[in-house]
Amino acid sequence: MTTWLGRRDAVAKLFAATLLTAAVLTTVDPFVTAVAVVAELALLPLTGLAPGTLWRRGWPLLTSAVFIFLFTVFLGARDSPVIANVAGVDVREHAAGYALRLVAVGLPGFLVFATIDPTDLADSLIAHLRVSPRFAIGALAALRLVPLLADEYRLLGLARRARGIDAGWSPVARVRLFTSTLFGLLVAAIRRGIRLATAMEARGFDRGTPRTPARPARFGWPDAFVVVAGVMLAAAVVALKFVHT
C-alpha cells in the first residue's frame with residue numbers, strides 16, 4: 001500500500017472504478033473495449049503490482065474471457081460483422097467484443113481491490129459515505145477472510161492428496177473432486193463466519209452505540225484527482241463508442 005494509488009482514499013478508487021465499469025458495459029465494440037483494456041493496463045505501474053502477480057491472480061478472468069469468445073464464435077448470433085477468418089471459422093465482432101468487455105469490466109475492480117487495505121476501506125466508508133459501522137466492519141471482516149479461503153482450499157486439496165484422493169487425468173473425476181472440495185470449503189467458511197459473528201457480538205459490535213474510528217480518513221486533492229480521472233476515462237470510453245460507431 002506504499003504506491004501512489006495504494007495511498008489514495010478507498011471510496012475515491014471505488015467510485016472511479018465503478019464509473020469506468022459502467023461506461024464499458026455500454027458497448028460491445030471490440031475497438032472501444034480494447035482501448036479501455038490498454039488504458040487500464042497503463043495504470044498498472046501506479047498499483048505496484050508486477051505483471052506476474054497480475055497473471056497469477058487474474059487468470060480466471062482471462063480463462064472466462066476465452067471461453068466466452070469460443071462460445072460466441074461457435075454458438076453465438078450471426079448478425080454481427082465478420083472481422084477475421086481463422087481456419088475457416090468466421091470470427092465476428094460480437095465474439096471479440098464480449099470477451100474484451102469481460103476483461104475491461106473485471107480489471108478496474110481487480111486493480112482497485114489489490115490496492116485497498118480492508119481497514120482503510122471500512123474507515124473510508126464510515127467517514128465519507130456515512131455507512132453503518134456494522135456494515136463497514138462486516139465488509140472489513142469479509143475482505144480479511146478472502147485470503148484465508150484461498151489457503152483453506154489449498155490445504156483441503158493437500159489433505160485429500162495425502163489420503164490418496166486424486167483425480168488423475170480424468171476430467172470427470174476432476175470436476176467431481178473440485179465440487180466436493182468446494183462444498184467442504186463452503187462448510188468451513190460458514191463455521192468460521194458463525195464463530196466470527198459470535199466473537200464480534202461478544203465484543204459489543206452489535207450494540208448500535210456510536211463508534212469512533214481509530215484512524216480518521218481524510219479526502220484530499222490527490223483523492224479528488226482519482227475521481228476526476230475516473231470520470232474522464234468513463235467519458236472517453238462513451239465518446240469513443242459514439243465516434244467509432
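Predicted model, so just to flag it, every value in this text is computed and none were measured. Residues take their numbers from the sequence shown, with the count starting at 1. Hydrogens, waters and symmetry mates are skipped; everything else that's a heavy atom, side chains included, is used.
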(request) For Ala10 and Asp120, work out which heavy atoms get closest and say how close. (result) CB-O, 4.2 Å
(request) Would you check if Arg130 and Ile126 make a side-chain contact, meaning some heavy-atom pair closer than 4.5 Å? (result) no
(request) Answer yes or no: does atom CZ of Arg192 have more than 12 heavy-atom neighbours from other residues, nucleotides or ligands under 6.0 Å? (result) yes
(request) Report yes if some heavy atom in the side chain of Leu121 is under 4.5 Å from a heavy atom in the side chain of Asp117; otherwise report no. (result) no
(request) May I ask you to check if Arg8 and Trp4 form a cation-pi contact, with NZ or CZ under 6.0 angstrom from the six-membered ring centre and within 45° of the axis? (result) yes
(request) Report yes if some heavy atom in the side chain of Phe178 is under 4.5 Å from a heavy atom in the side chain of Tyr153; otherwise report no. (result) yes
(request) Output the rest of the hydrophobic cluster of Met232: all Ile, Leu, Val, Met, Phe, Trp and Tyr residues reachable through side-chain heavy-atom contacts under 4.5 Å, sorted by chain and number. (result) Val228
(message) Taking the side chain as everything from C-beta on, heavy atoms only, tell me whether Thr115 gets closer than 4.5 Å to Leu46.
(response) no
(request) Specify the closest pair of heavy atoms between Ala36 and Ala104, including all atoms of both residues, with the distance to one decimal. (result) CB-CB, 4.3 Å
(request) Say whether, by atom type as modelled, one donor and one acceptor occur between the side chain of Lys13 and the main chain of Leu5 under 3.5 angstrom. (result) yes
(request) Check whether any side-chain heavy atom of Leu19 lies under 4.5 Å from a side-chain heavy atom of Val231, and answer yes or no. (result) yes
(message) Within the supplied structure, the quantity of interest is the number of heavy atoms (other residues, nucleotides, ligands) at a distance under 6.0 Å from Arg161 CZ; does it exceed 12?
(response) no
(request) Verify, without hydrogens or angle tests, whether Arg101 (side chain) and Leu25 (backbone) share a donor-acceptor contact under 3.5 angstrom. (result) yes
(request) Following the transitive rule for hydrophobic clusters with a side-chain heavy-atom cut-off under 4.5 Å over Ile, Leu, Val, Met, Phe, Trp and Tyr, establish whether Val32 and Leu233 coincide in one cluster. (result) yes
(message) Within the structure provided, determine whether Arg160 and Ser180 are in side-chain contact (heavy-atom separation under 4.5 Å).
(response) yes
(message) Would you say Thr119 and Arg144 are linked by a side-chain donor-acceptor pair, where the criterion is simply a distance under 3.5 Å?
(response) yes
(message) Please check this pair: side chain of Thr53 against backbone of Leu49, looking for a donor-acceptor N/O pair closer than 3.5 Å.
(response) no
(request) Taking all heavy atoms of Val73 and all of Ala95, pick out the closest pair and write down the distance. (result) CG2-CB, 3.6 Å
(message) Any heavy-atom pair between the side chains of Leu62 and Trp55 that's under 4.5 Å?
(response) yes
(message) Test your reading of the model: is there a side-chain donor-acceptor pair from Asp223 to the backbone of Gly220, 3.5 Å cut-off?
(response) yes
(message) Looking at Phe15, I want to see if its CZ is surrounded by more than 12 non-hydrogen atoms of other residues, nucleotides or ligands under 6.0 Å.
(response) no
(request) Identify the two heavy atoms, one from Ala136 and one from Val131, that lie closest to each other, and give their separation to 0.1 Å. (result) N-CG1, 4.2 Å
(request) Identify the two heavy atoms, one from Leu20 and one from Pro108, that lie closest to each other, and give their separation to 0.1 Å. (result) CD2-CG, 4.0 Å
(request) Keeping the roles fixed (side chain from Ser124, backbone from Asp9), state whether a donor-acceptor pair exists under 3.5 Å. (result) no
(message) Has Thr27 got a side-chain atom pairing as donor or acceptor with Val24's backbone, closer than 3.5 angstrom?
(response) no
(request) Would you mind reporting whether Leu100 and Val103 have side-chain heavy atoms less than 4.5 Å apart? (result) no
